[in-house]
Trainee: 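Structure in structure tokens, see below.
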Amino acid sequence: MRRINLPLILDTVFSAACAFLLFFTAIRYYTRNAYIALGFAICAFLLFGALSFLYISKKQNKKLLISKNEKQKKLLSLHLSLSSDEYICELFKKCMKTEDNAAEVKGGKVFTDDSVYFFEFMMQPITEDDVAKVIKYKSELKKIIFCCRLSPEAAALAETFLIEIKDIDYIYNTLEKKQLLPEKYVYEGAKKISLLKRIKARFSRRICAPLFWSGAALLFLSYFTFFPIYYIVSGGIMLILSAVALVIN
């Protein structure tokens, strides 16, 4: 059973309600006809609700996909940075070994028939000094460095000496393709964010509610004042700002 996307529904209804209140009040003021105003307001409710739903849904899906992949890559980076040399060598030995290409571990490195793999996993980008250590290593095989991230200087130096550098994007895709992504991370016991903090972070758009109620109050007062246009314009601006702040965030 598919889970109901409550934030998407609430955001859509909120945006549509802002459009309904604004159109009903403004058109009723100019036409003096509540039925015409109600008809236009319902149309605005449906139209802006549909547009908001499509925009927010597309944005949520794109953000979810990107954030999920980026989160997994960060988890893998930290996992590899905290793992032992033995674990890393065994992991990438399995990754590099094929029917046509043998792989073995020697001195904290993985050797195949034509390449030698170096592992420089750390949370900070590797530097020229890290590349220099690989350059000094005497080998006729092709040198390849696996790391989480690399600096531009390190990339330029490695290119000069024909050394390949593979970052976490390549590593993640390769391990995923070969079904070697870790099932359990070494820092699994780390403190997790509480549910209360997650909810608080999700509903941190404090500007929306005050603007909505202030705008709705001004539109309501426009029915009883001698200068309704001021209240309609002011209230309408507040409702628009409230809806925009909700949708773009």
Side-chain angles (χ1 to χ4, degrees), residues 1-76 169 172 176 188 190-249:
M1 183 177 180
R2 189 175 180 180
R3 188 178 64 175
I4 297 176
N5 192 339
L6 185 59
L8 174 61
I9 295 174
L10 293 177
D11 291 354
T12 300
V13 172
F14 183 90
S15 303
C18 290
F20 178 88
L21 292 174
L22 176 59
F23 273 76
F24 179 79
T25 305
I27 294 177
R28 182 184 178 280
Y29 171 74
Y30 284 107
T31 63
R32 305 296 180 182
N33 191 315
Y35 295 105
I36 296 177
L38 182 61
F40 274 95
I42 293 175
C43 292
F45 180 91
L46 297 175
L47 175 62
F48 284 93
L51 293 175
S52 299
F53 178 86
L54 294 175
Y55 178 81
I56 298 173
S57 179
K58 181 179 178 181
K59 192 174 181 181
Q60 278 188 353
N61 292 336
K62 183 178 179 181
K63 185 177 180 181
L64 180 62
L65 180 61
I66 294 175
S67 63
K68 182 179 180 181
N69 288 339
E70 290 302 316
K71 181 180 179 181
Q72 291 299 318
K73 290 174 184 177
K74 288 182 179 179
L75 290 175
L76 180 61
D169 293 330
Y172 177 84
E176 183 182 37
E188 201 167 45
K191 183 178 179 182
K192 296 180 174 60
I193 300 175
S194 66
L195 178 61
L196 181 61
K197 288 185 178 180
R198 291 178 183 273
I199 296 176
K200 185 177 180 181
R202 179 63 183 85
F203 294 98
S204 62
R205 295 167 292 184
R206 301 175 183 176
I207 189 176
C208 298
L211 282 176
F212 174 79
W213 291 114
S214 298
L218 288 175
L219 292 182
F220 177 75
L221 290 174
S222 68
Y223 292 99
F224 309 102
T225 183
F226 292 104
F227 304 101
I229 189 64
Y230 168 79
Y231 292 91
I232 293 174
V233 172
S234 300
I237 292 175
M238 289 184 178
L239 288 178
I240 292 172
L241 291 177
S242 178
V244 170
L246 184 80
V247 171
I248 65 175
N249 287 302

Trainee: Apply side-chain contact (heavy atoms from CB on, under 4.5 Å) to Val13 and list each qualifying residue two or more places apart in sequence or on a separate chain.
Mentor: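 Only Ile9 meet the side-chain contact (heavy atoms from CB on, under 4.5 Å) criterion with Val13.
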Trainee: Please name the pair of heavy atoms, one in Ile36 and one in Asn33, separated by the smallest distance, quoted to 0.1 Å.
Mentor: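 Between these two residues, the closest heavy atoms are N-OD1, 3.2 Å.
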Trainee: For Ser234, give me all partners under side-chain contact (heavy atoms from CB on, under 4.5 Å), at least two apart in sequence or on another chain.
Mentor: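 Partners of Ser234 by the side-chain contact (heavy atoms from CB on, under 4.5 Å) criterion, ordered by chain and then number, come out as Leu218, Tyr230.
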Trainee: Could you grab the distance from atom CZ of Phe40 to atom CD1 of Ile27, nearest 0.5 Å is fine?
Mentor: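 The CZ atom of Phe40 sits 5.0 Å away from the CD1 atom of Ile27.
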Trainee: Kindly check if the number of other-residue, nucleotide or ligand heavy atoms within 6.0 Å of CZ (Phe24) is above 12?
Mentor: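 Atom CZ in Phe24 is crowded, with more than 12 foreign heavy atoms closer than 6.0 Å.
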Trainee: Rounded at 0.5 Å granularity, tell me how far CD1 in Ile237 sits from CD1 in Ile232.
Mentor: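 One gets 12.0 Å once the value is rounded to the nearest 0.5 Å.
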Trainee: Tell me, please, which residues at least two apart from Phe53 pass side-chain contact (heavy atoms from CB on, under 4.5 Å).
Mentor: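 In terms of side-chain contact (heavy atoms from CB on, under 4.5 Å), with neighbours along the sequence ignored, Phe53 is linked to Leu8, Thr12.
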Trainee: Kindly indicate whether the side chain of Tyr30, heavy atoms from C-beta on, has any atom under 4.5 Å from the side chain of Ile229.
Mentor: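 Tyr30 vs Ile229: side chains touch.
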Trainee: Identify, with sequence neighbours excluded, every residue that meets ring pair (Phe, Tyr, Trp, His ring centres under 6.0 Å) alongside Tyr29.
Mentor: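 Tyr29 satisfies ring pair (Phe, Tyr, Trp, His ring centres under 6.0 Å) with no residue once adjacent residues are dropped.
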Trainee: Between CD1 of Ile240 and CG of Leu22, what distance do you get to the nearest 0.5 Å?
Mentor: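 Ile240 atom CD1 to Leu22 atom CG measures 5.5 Å (nearest 0.5 Å).
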Trainee: Quick one: closest heavy-atom pair of Ala19 and Ala44, and the distance?
Mentor: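 Minimum heavy-atom contact is CB-O, 4.0 Å.
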Trainee: Say you draw a straight line from CG of Leu219 to CZ of Arg28; how long is it, rounded to the nearest 0.5 Å?
Mentor: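 Going from CG on Leu219 over to CZ on Arg28, the span is 12.0 Å.
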Trainee: With sequence neighbours excluded, tell me which residues meet side-chain contact (heavy atoms from CB on, under 4.5 Å) with Ala16.
Mentor: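 So Ala16 forms a side-chain contact (heavy atoms from CB on, under 4.5 Å) with Phe45.
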Trainee: Among all residues two or more places apart in sequence or in another chain, which pass the side-chain hydrogen bond (donor to acceptor under 3.5 Å, both in side chains) test with Asp169?
Mentor: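 If we apply the side-chain hydrogen bond (donor to acceptor under 3.5 Å, both in side chains) test to Asp169, skipping adjacent residues, the hits are Lys73.
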Trainee: CG/Leu38 to CZ/Phe20 distance, rounded to the nearest 0.5 angstrom?
Mentor: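 If we round to the nearest 0.5 Å, Leu38:CG and Phe20:CZ are 5.5 Å apart.
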